[in-house]
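Notes for the one structure printed next.
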Amino acid sequence: MSEAIKQGDDEAVTISYAVLTRLLSFALVEISGTDDLRIAHSVADVFHNLPAALASGTKSADDIFAEVYGRAKRHGVEKKVSSLLKTAAGRE
């Protein structure tokens, strides 16, 4: 079972494969809906390995999200990813 992930002062979110799948779908909507190509490129780079990670089944959902969030921090879109995560987990 997945452990809860806490982002800043936000409520803890339990990460699962289902939440990661919803997170990916919201990220794709974000990419297609933005007029800012830098944001689109950054979000695409953050999430492009997620389908393979989910399909392989070799990593826990927490480990997969840690990798996604690490890439988000490197691209400066961690707030956007945190917001998408809350939506994916049904917190907003």
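Note that the coordinates shown come from a computational prediction; the quantities given were computed from them, not determined experimentally.
A donor-acceptor distance shorter than 3.5 angstrom exists from the side chain of Thr21 to the backbone of Tyr17, with no hydrogens or angles considered.
Taking CZ of Phe65 as the reference point, atom CG of Leu85 lies at 4.5 Å (rounded to 0.5 Å). Between the CG atom of Leu23 and the CD1 atom of Ile15 there is a distance of 7.5 Å, given to the nearest 0.5 Å. Atom OG of Ser56 sits about 6.0 Å away from atom CD1 of Ile64, to the nearest 0.5 Å. Rounding to the nearest 0.5 angstrom, the gap separating the NE2 atom in His48 from the NE2 atom in His41 is 10.0 Å. A distance of 5.5 Å separates CG of Leu20 from CG of Leu50, quoted to the nearest 0.5 Å.
Contacts of Asp63 classified as side-chain contact (heavy atoms from CB on, under 4.5 Å), with partners at least two apart in sequence or in another chain: Lys59, Ser60. For Glu30, the salt bridge (charged side-chain N to carboxylate O under 4.0 Å, His left out) partners two or more places apart in sequence, or in a different chain, are Lys80. Residues satisfying the side-chain contact (heavy atoms from CB on, under 4.5 Å) test with Ala66, not counting sequence neighbours, are none. By the side-chain contact (heavy atoms from CB on, under 4.5 Å) test, Ala27 pairs with Val43, Phe47, Leu84, sequence neighbours left out. Scanning for salt bridge (charged side-chain N to carboxylate O under 4.0 Å, His left out) contacts around Lys73 gives an empty result, with sequence neighbours left out. Evaluation of the side-chain contact (heavy atoms from CB on, under 4.5 Å) rule for Thr34 yields Asp36, Ile39, Ala40 as partners, not counting sequence neighbours.
Looking at every heavy atom in both residues, Phe26 comes nearest to Ala88 through CE1-CA, 3.4 Å. When all heavy atoms of Val46 and His75 are compared, the closest pair comes out as CG2-CD2, 4.1 Å. When all heavy atoms are compared, the tightest approach of Arg22 to Ser25 is O-OG, 2.7 Å. Heavy-atom minimum distance, Ala89 versus Val13: CB-CG1, 3.4 Å.
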